[in-house]
Amino acid sequence: MVKDENERDGRYNPAAIEPKWQARWDADPALYAAEGHDSGKPKYYCLEMLPYPSGQLHMGHVRNYSIGDALARHMWMRGYNVLHPMGWDAFGLPAENAALKNNTPPREWTLKNIAAMKTQMRRMGLSYDWANEVTTCLPDYYRWNQWFFLKMFEKGLAYRKKSKVNWCPDCQTVLANEQVINGRCWRHEETIVELRDLTQWFLKITKYADELVEGLDKLEGWPEKVRTMQRNWIGRSEGALVDFAVDGASAVTAGPSTSPSTHSVRSGSVQDDTCKAITVFTTRVDTIFGATSVQLAPEHAVAKAFAAEDAELAAKVEALLEEQKKARESDALGAIEKHGVNTGRFAVNPFNGVKVPIWVGNYILADYGTGAIMSVPAHDERDFEFATKYGLEIKRVIAPKDGGEPELPFTAEEDAVLINSGEWDGLGCVDAQQKLSSLAKEQGFGEPTVTYRLKDWGVSRQRYWGTPIPMVYCQNGHAGVEAGGVVALPESALPVLLPEQIEITQEGGSPLGKVADFLNTTCPVCGGPAKRETDTMDTFVDSSWYFYRYTDAKDSTVPFASEKANYWFPIDQYIGGVEHAILHLIYSRFWTKVMRDLGLIKNDEPAERLFTQGMVIKDGAKMSKSKGNVVSPDLMIEKYGADATRMYALFAAPPDRDLEWQEEGVAGISRFLGRVHRLATKYAELVREGQSPQLASRTQTDQKLLRKLHQTIAKVTQDFGGRWHFNTSIAAIMTLINEIVATEAAMDAGEVSPAAVAEIFRNLVLLLAPFAPFFAAEMWEQMGGEGVVFRAAWPVADEDLARENEIEIPVQVNGKLVNVVKVAAGSNDDAVKAAASSDEKVKARIEGKTVVKVIVVPNKLVNLVVK
RNA sequence: GCCCGGAUGGUGAAAUCGGCAGACACAGCGGACUUAAAAUCCGCAGACCUUAACCGGUCGUGGGGGUUCAAGUCCCCCUCCGGGCACCA
């Protein structure tokens with residue numbers, strides 16, 4: 001066998017080391033296998049977000065997995081029973097696009113990509129427990145999506161309704177609100193999302209809106225940023241509903257209503273007759289005496305009813321609606337020029353009986369609150385602007401507690417009181433909000449309420465490559481189900497398999513509708529002809545609960561055994577990109593609560609701690625094909641090895657910050673590993689020798705090196721425990737190596753005992769193990785370490801050995817550094833003071849001046865204040 | 001407009017609790033080794049002033065103010081960059 005040049009001269013050669021260990025690890029599936037709940041060890045669930053199998057890992061993945069892998073390995077070494085799984089978020093549109101392009105079936109394309117990426121992950125040396133691998137596009141997984149769907153349908157959490165939905169013309173499918181970013185598709189930055197009226201399946205995430213908001217306060221292990229984003233997204237606002245009676249209501253006949261949200265959401269109220277009253281939602285009911293108009297959304301049922309009787313008004317309302325629609329589609333809703341039209345009708349303020357005009361405004365949204373507001377120009381900026389434009393009355397009803405007439409609009413509610421509000425004058429605004437809404441409830445014309453920005457999750461997708469929705473439409477109907485009505489399949493009919501032979505097209509409508517064998521079925525209740533639902537589920541359904549499946553991935557009788565999930569959950573540490581702050585991370589919290597209420601699990605939240613890593617950028621921009629700044633992980637690994645690539649990803653920046661990829665930096669890490677390799681190899685024999693009984697006495701050099709070692713252990717251990725600033729951990733290890741290099745001559749001269757050499761190198765390798773696993777395994781073996789390095793106990797810093805016996809104290813005069821003096825560690829203040837003031841440089845500096853004060857910060861600094 | 005981050009040498013960054021600003025690297029420069037180069041090893045390295053050189057000095061963490069014996073760090077105001085939300089009643 002011909003050895004390559006590097007190997008021959010004993011140099012660090014990752015190309016030889018890494019495949020050797022990879023082969024050994026691949027042959028030993030037990031190496032990273034999670035143990036059972038009876039392991040006797042504390043559990044630790046370490047999870048990285050599962051990738052979409054595009055076929056190629058990118059640097060973002062490398063960074064994500066390097067962080068997670070270091071943590072998992074560290075926790076193993078700390079004696080935990082670690083679950084560290086991986087899987088594939090394998091449904092989704094790219095597979096269909098690839099099918100169109102290359103004429104490859106989506107399943108084949110996806111599985112091929114998974115195989116390729118798995119190879120890359122193994123090449124990286126990632127410590128995954130492949131026995132629990134999850135692939136979401138396979139029936140043994142997606143059947144449980146269907147199972148959950150049926151459970152939710154049973155509980156009324158899955159329902160069908162016609163509504164305005166987001167439609168991406170490029171994807172040819174509906175999108176959830178969360179998948180629309182700045183009015184554009186999350187997959188197509190250039191594509192403006194259209195609004196369409198479609199009947200779709202929804203999951204009732206709004207039922208958990210309150211709990212989803214409240215839970216955020218308890219998620220202390222989550223980044224504040226993510227919590228804030230979710231809070232904003234859910235958009236909880238407390239306020240009141242108030243009914244304004246429509247003046248002369250009997251004259252108007254109610255028109256057909258199309259949008260359920262324009263009804264009053266209160267029970268026992270006005271649903272019976274649309275046009276008797278208008279229910280407004282307000283967060284400032286305290287200002288209601290200042291209401292000078294009621295404003296309706298163009299789609300509001302009352303607006304429609306008025307329009308039905310008045311062709312001129314109808315045209316104007318239609319124009320307003322058009323403007324709103326346009327603005328919404330071009331994402332200019334926030335900048336829409338406010339227009340309104342007076343309907344000529346009046347509504348009665350129930351608090352004071354005052355009649356106010358009813359307007360229709362293009363800025364009023366039908367799908368927020370009740371689609372109707374009371375306009376209080378004096379105390380709301382938007383209302384003020386509108387009233388000024390159209391010459392509506394402006395009535396001041398709030399004033400500062402301390403008096404005065406501030407410029408309008410005056411919107412404060414703290415330290416402000418009611419005026420011109422009848423018997424309520426003088427009451428604080430915040431109190432008034434409570435009292436007025438309670439009164440409204442007593443009197444039956446309103447109530448306190450809470451409104452959310454969050455909408456139910458639309459999960460229907462008109463695409464092929466996703467989980468079939470397990471519903472059929474009974475063609476003839478039967479008792480309780482009209483012809484064409486929805487019938488849920490029984491559990492025994494699961495899984496509803498995706499047909500394999502299929503022609504994928506981009507022409508609207510689900511491709512499944514064209515597969516007769518799939519489409520035509522029988523009704524599970526009456527046995528008559530039935531058509532299957534041809535939409536598939538949003539892929540975010542798949543990722544909402546995949547991490548539970550990891551605890552019991554092979555079970556074919558349940559989604560997972562509760563006992564197993566209850567042992568492993570909550571996830572101790574979840575690691576991924578911040579781009580999922582709203583989408584995946586809110587859906588999976590919702591799913592967890594549903595599963596809890598189904599009695600499957602006990603935890604309220606999926607993950608105890610969440611870490612969002614920064615992006616990997618190159619030349620100042622996010623890596624992307626179009627910018628041509630993509631760095632291939634494969635190429636880096638080929639050139640420098642997996643260890644150096646991974647270590648660089650951790651060294652170049654703290655993990656939560658963006659990381660600028662510089663190849664020279666990877667080369668630097670490689671050089672560093674080369675130095676360690678040279679030393680460890682050189683002293684391997686001494687290490688093996690030194691592992692026998694320790695010498696009683698230590699040389700001075702021993703002490704110096706051991707001090708540095710234990711300081712390093714303390715530093716690295718601390719970083720794992722708290723901040724995860726692995727860049728500083730690795731820097732500390734480099735400093736230790738520099739110290740060893742500087743002591744090399746002394747070591748060669750026999751001034752360092754074998755016991756000390758053994759302790760230093762043994763621990764050095766342990767410290768490197770989470771960051772450079774191939775390298776650590778190789779060195780461990782070379783030095784005669786026992787067993788697997790990743791199961792060796794994590795080193796413990798010895799405080800006594802780490803302590804300095806002499807420390808350098810900077811001496812300042814009036815806060816300016818003058819010199820540094822050496823004192824024995826633990827010297828008392830007086831001794832330090834004496835040392836400082838007897839220093840020549842310090843003396844020169846204070847010559848002829850009076851020392852007013854001496855500040856001694858123990859072990860830190862001395863500052864002489866002079867005049 | 002509102003809410004989160006962030007700004008430190010040529011570059012990535014460090015300074016974790018108010019106590020030596022720039023650890024550790026990258027790039028650069030000088031040297032050793034070499035016929036030469038690569039690799040490796042040793043050394044220099046914030047800016048400016050002063051000096052033949054040493055020595056010495058001043059300034060310096062986006063800008064301005066403040067608190068303090070002492071501020072990258074705390075407080076107030078402002079600028080710029082990144083992200084999120086946005087007529088949400």
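Each chain gets a letter, A, B and so on, in the order the sequences are listed, and its residues count up from 1. These figures come from a predicted structure and were not determined experimentally.
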For A/L817 and B/A71, give me the distance from atom CG to atom C1', rounded to whole Å.
-> 16 Å
Measure from the side chain of A/Q812, starting at C-beta and using heavy atoms only, and say which of B/A89, B/C20, B/A13 lies closest.
-> B/C20
The Watson-Crick or G-U wobble partner of B/C59, with both key distances under 3.5 Å, is B/G46
Of the listed B/G19, B/C69, B/G12, the closest approach to the A/K853 side chain comes from B/C69
Counter-base of B/U68, judged by Watson-Crick or G-U geometry with both distances under 3.5 Å | none
B/C2 pairs with, by Watson-Crick or G-U criteria that keep both distances under 3.5 Å | B/G84
Should A/N727 be listed as having a side-chain N or O under 4.0 Å from OP1 or OP2 of B/A14?
-> yes
If B/G10 has a Watson-Crick or G-U wobble mate with both distances under 3.5 Å, name it; if not, just say none.
-> B/C26
Have a look at A/I733 and say if it touches a base, only the backbone sugar-phosphate, or nothing, with a 4.0 Å heavy-atom cut-off.
-> nothing
When the ring planes of A/H379 and A/F410 are compared, do they come out parallel, tilted or perpendicular, using 30° and 60° as the limits?
-> perpendicular
Mind checking A/Q718 for me? I need base, sugar-phosphate or nothing, with any heavy atom below 4.0 Å counting as a touch.
-> base
Mind checking the C1' distance from B/U68 to B/G18? Whole angstroms is fine.
-> 9 Å
Sugar-phosphate, base or nothing in reach of A/E660, heavy atoms under 4.0 Å | nothing
Look at all strands and tell whether A/F651 reaches a base, only sugar-phosphate, or nothing, counting heavy atoms closer than 4.0 Å.
-> base
Mind checking the P distance from B/C76 to B/G5? Whole angstroms is fine.
-> 14 Å
Assign A/P654 to base, sugar-phosphate, or nothing according to its heavy-atom contacts below 4.0 angstrom with the strands shown.
-> sugar-phosphate
Within this structure, what is the NE2-to-P distance between A/H725 and B/U16, rounded to whole angstrom?
-> 11 Å
Rounded to whole angstroms, how far apart are CG on A/D719 and P on B/A15?
-> 8 Å
For A/R678 and B/C41, what is the distance between atoms CZ and P respectively, to the nearest whole Å?
-> 7 Å
Inter-nucleotide P distance (B/C42, B/C55), Å rounded | 24 Å
Inspect the contact between A/R845 and A/D839 and indicate whether a charged nitrogen and a carboxylate oxygen are less than 4.0 angstrom apart.
-> no
Counting any heavy atom closer than 4.0 Å, what does A/V865 reach on the DNA or RNA strands: base, sugar-phosphate only, or nothing?
-> sugar-phosphate
Atom CG of A/L736 and atom P of B/A25 are separated, to the nearest Å, by 12 Å
B/G60 to B/C49 separation - C1' atoms, rounded to the nearest Å | 14 Å
For A/Q295, report the nucleic acid contact type (base, sugar-phosphate, nothing); a contact means any heavy atom under 4.0 Å.
-> nothing
Any A/R671 side-chain N or O less than 4.0 Å from OP1/OP2 of B/A27 | yes
Which listed nucleotide (B/G19, B/A89, B/A13) is nearest to the side chain of A/L861?
-> B/G19
What string of B, S and - do you get for nucleotides 80-85 of chain B, 5' to 3', when a contact is any protein heavy atom under 4.0 Å?
-> ---SSS
What form does the base of B/G9 take, syn (within 90° of 0) or anti?
-> syn
Check every strand shown and say whether A/V376 touches a base, only sugar-phosphate, or nothing at a heavy-atom separation below 4.0 Å.
-> nothing
From B/C24, B/C20, B/A89, pick the nucleotide closest to the side chain of A/P810?
-> B/C20
Under 4.0 Å between a Lys/Arg side-chain N and an Asp/Glu carboxylate O for A/R227 and A/E224?
-> yes
Answer yes or no: is there an ion pair linking A/E664 with A/R671, defined by an N-O contact shorter than 4.0 Å?
-> no
Looking for any heavy atom pair under 4.0 Å, which part of the strands does A/G235 touch: base, sugar-phosphate only, or nothing?
-> nothing
Side-chain N or O of A/S237 less than 4.0 angstrom from OP1 or OP2 on B/A89?
-> yes
Where does the angle between the aromatic ring planes of A/F775 and A/Y12 fall among parallel (under 30°), tilted (30 to 60°) and perpendicular (over 60°)?
-> perpendicular
C1' atoms of B/U67 and B/C44, separation to the nearest Å | 40 Å
With a non-hydrogen cut-off below 4.0 angstrom, is A/N738 in contact with a base, only sugar-phosphate, or nothing?
-> sugar-phosphate
For A/E799, look at atom CD and say whether over 12 heavy atoms of other residues, nucleotides or ligands are found less than 6.0 Å away.
-> no
Nearest whole angstrom, please: distance from the P of B/C88 to the CZ of A/R236.
-> 18 Å
Are OP1 or OP2 of B/C59 and a side-chain N or O of A/K816 less than 4.0 angstrom apart?
-> yes
Would one find a side-chain N or O of A/R675 under 4.0 angstrom from OP1 or OP2 of B/A39?
-> no
C1' atom, B/A13 versus B/U8: distance in rounded Å?
-> 9 Å
Note: for A/A732 and A/V820 on RNA chain B, the residue whose nearest nucleotide lies more 5' is A/V820
Above 12 or not: heavy atoms from other molecules or residues under 6.0 Å from NZ of A/K389?
-> yes
A/W661 CH2 to B/A25 P: how many Å, rounded?
-> 18 Å
Look at the side chain of A/R723 and decide which nucleotide, out of B/C69, B/U16, B/C88, has an atom nearest to it.
-> B/U16
Whole Å only: how far is the CG atom of A/D656 from the C1' atom of B/A13?
-> 13 Å
Salt-bridge test for A/R231 and A/D217: reply yes if a basic N is under 4.0 Å from a carboxylate O, no otherwise.
-> yes
Using only heavy-atom distances, determine whether the side chains of A/Q433 and A/E238 contain a donor-acceptor pair under 3.5 Å.
-> no
Complementary nucleotide of B/C20, counting Watson-Crick and G-U pairs under 3.5 Å = none
Taking the side chain of A/K715 as heavy atoms from C-beta outward, which of B/U16, B/A25, B/G19 is closest to it?
-> B/U16
So, do A/Y648 and A/Y640 have ring centers that fall under 6.0 Å from each other?
-> no
Atom P, compared across B/A32 and B/A23: separation rounded to whole Å = 27 Å
Distance, C1' atom - from B/C88 to B/C24, rounded to whole angstrom | 49 Å
If you count the non-hydrogen atoms of other residues, nucleotides and ligands that lie under 6.0 Å from NZ in A/K455, is the total more than 12?
-> yes
For B/A36, the Watson-Crick or wobble counterpart (both distances under 3.5 Å) = none
Earlier contact from the 5' end, RNA chain B, for A/E664 and A/A297 = A/E664
Going by the angle between their ring planes, with limits at 30° and 60°, are A/F386 and A/W359 parallel, tilted or perpendicular?
-> perpendicular
Give one of base, sugar-phosphate or nothing for A/K841, where a contact means two heavy atoms less than 4.0 Å apart.
-> sugar-phosphate
What's the closest nucleotide to the A/A652 side chain, out of B/A14, B/G12, B/G19?
-> B/G12
Where does B/C17 fall, syn or anti, if syn means a chi angle no more than 90° from 0?
-> syn
